[in-house]
Amino acid sequence: MAYRILLPLLGILAALAWGATWFVNGTTRSWFERDVQLRTRLVAAGAREALATYFRAGDRQKLAAVLDEIARDDRIMAAALCTPSMKPLARTSALPSRYACDALAKRGVVDAPKAGLDLFEEPDGGLVHAAVVPILDDDRIVAQLVVVHDLSFVARREAAMRRFTVGAFAVVALLASIATLLVRRFTWHRWTEEILRVLTLGRGVVWGPRTRQEKRFGPLLSDLRAMMTELASDQGVSAGGKWTPERLHGVLTDSLDGDRVVILANREPYVHDRGPDGAVHVQHPASGLVTALEPVMRACSGVWVAHGSGSADREVVDRRDRVLVPPGEESYAIRRVWLSESEERGYYYGFSNEGLWPLCHLVYTRPVFRVEDWRQYQSVNRRFADAVCEEVEGPDPVVLVQDYHFALAPRMIRERLPRATIISFWHIPWPNAERFGVCPWHREVLDGMLGSSILGFHTQQHCNNFLEAVDRFLEARIDRERNAVVLGGRESLVRPYPISIEWPDRRAATAPPVPRCRREVFAELGLGPDALLGVGVDRLDYTKGIEDRLLAVERLLERFPRFRGRFTFAQLAAPSRTLIPEYRALSERVDALASRINGRFAEGAWKPVVVLRAHHEPPAVFRYLRAADLCYVSSLHDGMNLVAKEFLAARDDERGVLVLSRFTGASRELTEALLVNPYDLEEASAALATALAMPPAEQAERMRAMRAHVGEFNVYRWAGRMLADAARLRKRDRLTNRLSIAGASEDDEALPRAGSPSPCARR
Ligand code: F6P
């Protein structure tokens, strides 16, 4: 029955979509044309005085300089100045010959000497607008100004508009189909009662046991709810399948009119170190931030501004402190910023890692705030902000500021580049307002962050905590409906963007097969073929719960003696922040604990705990993850934790069990893991036992579900959603800017304009 209504409805919608695309394209094309005609007149009016003066003085050099200045506008391809009868006087070097003064006269398109021309042409397939505007001096035409605009961007915008219109109609078609089906179903099933029941279900209030009809509507409603949530959160960005590097790059070029980004992050993705053999080695740091952002940078290209921390870093940079990476591929640049010992101590070890790090993690380690660390943090943020400004290419670049090392940089960059799109992402948790208020400079930190156009956190809870802190400590307006903060007339969106990893993982393609990884790792650890292996991979950090993890292994062996002599837990522990006493103490405690457990249970050559305290390069980490029967991620508090997701990426054989702390951001997505409270040794040790006994079919089922999730919600999607939100903001800002230009008085001339050079952009 329903198809009789549906088919004609869909036909009408398709016809409407076609008509709307045609209408929208026609309308936008005429807007662009009017816009470019207006711009040409403004350019001519602005240059008229100078041109007339230099024309009177007969100074051709100055005339050429004025033309060069005109052609600096991004969209203006070239300019020329002709006599009233279209003889050449001056021109810019890029002027296409068909728009030279005499060529225009010959083509008969200019009615000299009355002049005036508006010509839209597509000479090489790309749209061009050529205009000839008379230059008057005392009401006399003294010269003709030729301005040539490159309008190739119009075609790109039109294509984007087409996609959007078709997409919008597809959504309408879908909703109309659902509505039709619902109406039919409601009519069939005593619709008044059904509506009442559905409304009750929709509010999540279910009184007593569910009736048969409620059950029948449950799946439909939950599908609808899921779809609406998806639509609301993604606003269509996620439509149309998988996120890939190409798709991400497409968002950057099509929606943001850019082809590169500038990332600001303390940790660099490639560290050049001089080894004991005297040769320079490239190291990949143990950092979740780097794991996530490096593939994004490969996809987008641009510049990664970071602290140059390697012992041979200075030896490999050019005179602008840049080095192209990845080695051998060279798809983007690292711009290194050098820090003195005292800057590093105050900014990195001090304020960032003894202050903000323990402040934001609920792990009962006291934060330390020293005024001298704060001063260094301010001045180092300023230095990095300056470096960003040196690297951008125009007045409205896309800048991605990363993590708690740079809370002040967004505001500093905003002051220099008012029209930049600044997306800041906070990779660690954000505490509640009461806790955050412990930081003596909490207002400055919030104000610095609100220089961003978009502020990203891993979870909605962290966003709520941030908004609560703004509400409590700043005189700012909070728009709860849009999750935005308005401060000093400028808006910052606050959004959850759960971070992820690249998928498919490049390492999976080249990694040895699982049985070989298992053989090699077992041989390295001296394990027999029947042994069971658990793995942990972390920086040696007190937030990672490494001690609790080893205690859970000890409890496992106490409670389940059958694992004695058989189960070994290998902890890959990368030394981290070793100048901080808390980290050195942790390292000692972990050693002492491992020795105690081994002392209690070791038999012959078998040891239950192996701590491999060293930096492991990504392929080695991958090999251990592929060899393991289980991976235990026991963070006491973690923004996301990407090791959990890397374990899934490593297991293309669909084997192995993930035991995951509930206090990680990852636990909200990876619900098929065995979720534990790492403080609860009974629960954690039982989960380890369950993991070791889990049948292969169940392992595969859980693995498949989690791998499918991470495959879909990969890091390209993470970055793509932020860039798409930024694109929407940027469009809105451009419109506002254009409206304010249209209504500007002469006093507004000092305001930055679209296309004007940035105050700190390199030329
Ligand atoms: O999560 C915070 C973070 O900056 C991560 O992004 C990264 O994994 C880790 O800390 C690295 O720390 P560091 O750069 O101090 O070695």
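These numbers were taken from a predicted model, which means no experiment stands behind them. When a ligand or atom number is given, it counts from 1 through the structure's own listing order.
Using modelled atom types, one finds no donor on one side chain facing an acceptor on the other under 3.5 Å when comparing E354 with Y583. Side-chain atoms of R662 and N677 include no donor-acceptor pair closer than 3.5 Å.
Looking at residues two or more places apart in sequence or on another chain, you find no salt bridge (Lys or Arg N to Asp or Glu O under 4.0 Å) involving R668. D548 meets the salt bridge (Lys or Arg N to Asp or Glu O under 4.0 Å) test with no other residue; sequence neighbours excluded.
Near ligand 1, residues R267, S287, G288, L289, Y348, W357, D403, Y404, H405, I428, R539, R577 each place a heavy atom inside the 4.0 Å sphere around the ligand atoms.
With ring centers used as reference points, H405 lies 6.0 Å or more from F384.
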Between side-chain atoms of residues 290-303 and protein atoms elsewhere (two or more places apart, or another chain), which donor-acceptor pairs fall under 3.5 Å?
| residue | atom | partner | partner atom | Å |
| --- | --- | --- | --- | --- |
| T291 | OG1 | S287 | O | 2.9 |
| E294 | OE1 | R298 | NE | 2.7 |
| E294 | OE2 | Y270 | OH | 2.8 |
| E294 | OE2 | R298 | NE | 3.4 |
| E294 | OE2 | Y332 | OH | 2.9 |
| R298 | NH1 | E329 | OE1 | 2.9 |
| R298 | NH1 | E329 | OE2 | 3.2 |
| R298 | NH2 | Y270 | OH | 3.2 |
| S301 | OG | D259 | O | 3.4 |

